[in-house]
Amino acid sequence: MGRNRHKRKNSHVVIVTSDAADIRMKQFRIRPWMLQTIIIIVCIFVGALIGYLFYEKDIWDAAREKTSERDDVISGMEQEKAELEQQITVLNEEIDSLNENIQILSETVAQKVQNELVLSEQLSEQYMPTKVPLKGARTMEEGTEGDPICVFPAETGSLIVATASGTVMVVTEDPEYGNNIWVDHGNGYTTVYRGQGDVKVKQGETVTQGNTLILVTGENSRLGYQMMKDGVYVNPMEMLAISG
């Protein structure tokens, strides 16, 4: 009764032999749980292999379908990329065309501004009394008494002309020279022409630089030419000298 009972242990023996006479037989002991584990692993592997072989076609079909879908997506993206690149090219061409138009427009505007400046300067010069008031004048003398005046000898048929553009303010008779014409140039300058002959303008008329004011008809006639700046008489020679 007091004898100890020993638990019986089972084991499997694997014997490895060879046909050679001098080779000793080898034995390997394998525990049952190890054998079961090996059997389970082998079954799993065999089952997986059988499943793979059984479902191989479906697996490859699914893989090919995914690959085809991926290729379609890539193809679509490449097509979209090509379309975008084409749109970008078109936009760049439009931008280049717009830049050219802007450049042309800018040059046109600059040229127009330059032309307007030149025209403005020309118009401004036309309203500056810098020209000689008698066509064909050869000599001149300055008055020594009273307000500054330049006196030109005028032959019959000579033309007394406006030294700048403006508006005729006064057309009257002059007791010494015969006629008296005042022209306002609108920039503070007023010129006065005193001479004998046929008057060609009337009060309120607009004249341009070089227009005839008086046709000289008398013998041994003279032109008395005066100038005012802001209502004050100035020496006409100063403006004639500026004109060169």
Side-chain angles (χ1 to χ4, degrees), residues 105-244:
L105 181 60
S106 177
E107 293 176 356
T108 302
V109 171
Q111 184 63 40
K112 183 177 180 181
V113 171
Q114 181 65 27
N115 293 339
E116 289 179 351
L117 289 175
V118 172
L119 180 60
S120 177
E121 291 177 358
Q122 292 176 348
L123 290 175
S124 178
E125 290 177 358
Q126 290 182 4
Y127 285 88
M128 293 296 292
T130 57
K131 302 298 182 181
V132 177
L134 182 65
K135 287 191 175 181
R138 294 182 176 86
T139 61
M140 176 194 65
E141 61 182 21
E142 294 185 58
T144 57
E145 297 180 0
D147 297 323
I149 188 171
C150 292
V151 180
F152 297 83
E155 299 177 357
T156 300
S158 299
L159 298 178
I160 299 174
V161 297
T163 58
S165 301
T167 303
V168 178
M169 297 173 56
V170 176
V171 178
T172 61
E173 293 184 357
D174 187 272
E176 183 177 355
Y177 290 89
N179 299 294
N180 190 359
I181 298 176
W182 293 52
V183 178
D184 180 15
H185 302 289
N187 52 9
Y189 283 99
T190 301
T191 50
V192 183
Y193 308 82
R194 306 179 189 276
Q196 181 180 359
D198 184 10
V199 177
K200 298 298 183 179
V201 295
K202 59 185 178 181
Q203 186 175 350
E205 184 177 348
T206 299
V207 295
T208 59
Q209 192 175 59
N211 280 167
T212 300
L213 303 179
I214 301 174
L215 171 63
V216 178
T217 57
E219 297 291 338
N220 299 321
S221 295
R222 298 177 303 159
L223 164 63
Y225 177 62
Q226 293 178 293
M227 183 182 301
M228 301 179 69
K229 172 63 174 173
D230 297 328
V232 179
Y233 281 97
V234 295
N235 188 353
M237 284 293 296
E238 295 179 357
M239 294 298 295
L240 293 177
I242 292 174
S243 69

### Task
Start with the C-alpha distance between E238 and M227, add both sets of side-chain angles, then the distance that settles side chain to side chain contact (heavy atoms under 4.5 Å, CB included), and finish with yes or no.
CA-CA 10 Å; E238 295 179 357; M227 183 182 301; over 6 Å; no
### Task
Nearest 0.5 Å please: distance from the CD atom of Q196 over to the CD atom of E176.
12.0 Å
### Query
Considering only heavy atoms from C-beta outward, does the side chain of N187 approach that of M128 to under 4.5 Å?
yes
#### Entry: Closest non-hydrogen atom pair, Y177 against G224
CE2-N, 3.7 Å
#### Entry: Any side-chain heavy-atom pair of E142 and N235 under 4.5 Å
yes
### Query
What are the two closest heavy atoms between T167 and G204, and how far apart are they?
CG2-O, 3.9 Å
### Query
When rounded to the nearest 0.5 angstrom, what is the spacing between CD in E116 and CD in Q111?
11.0 Å
### Task
Return yes if some donor-acceptor pair links the side-chain N/O of H185 with the main-chain N/O of T190 below 3.5 Å, else return no.
no
### Message
Let me confirm one number: the CZ-CG distance from R222 to L134, rounded to the nearest 0.5 Å.
### Response
13.0 Å
#### Entry: pair N180-V170: side-chain heavy atoms closer than 4.5 Å
no
### Query
Does R194 reach the side chain of Q226, with side-chain heavy atoms less than 4.5 Å apart?
yes
### Task
Could you tell me whether the side chain of N115 reaches within less than 4.5 Å of the side chain of L119, counting heavy atoms only?
no
### Query
For Q209 and S165, which heavy atoms make the closest approach, and how far apart are they?
N-OG, 2.9 Å
### Query
Got a donor-acceptor contact below 3.5 angstrom from the T130 side chain to the M239 backbone?
no
### Query
With a cut-off of 6.0 Å (strictly less than), are more than 12 heavy atoms of other residues, nucleotides or ligands near CD of E173?
no
### Query
OG1 of T163 to CG of N211: how many Å apart, nearest 0.5 Å?
11.5 Å
### CG on L213 to CD on E205, rounded to 0.5 Å
9.0 Å
### Task
Name the orientation class of the two ring planes belonging to W182 and Y233 (parallel below 30°, tilted from 30 to 60°, perpendicular beyond 60°).
perpendicular
### Query
Got a donor-acceptor contact below 3.5 angstrom from the N179 side chain to the D198 backbone?
no
### Residue pair L215 / L159, side-chain heavy-atom distance below 4.5 Å
yes
### Backbone of M169 reached by a side-chain donor or acceptor of Q203 within 3.5 Å
yes
### Query
Where is the tightest heavy-atom contact between I214 and G195, given as atom of each residue plus distance?
CD1-O, 4.0 Å
### Query
Roughly how far apart are Y225 OH and I149 CD1, rounded to 0.5 Å?
11.0 Å
### Residue pair Y193 / T191, side-chain donor-acceptor N/O under 3.5 Å
yes
### Task
Of all the heavy-atom pairs spanning A162 and T208, show the shortest one and how long it is.
CB-O, 3.9 Å
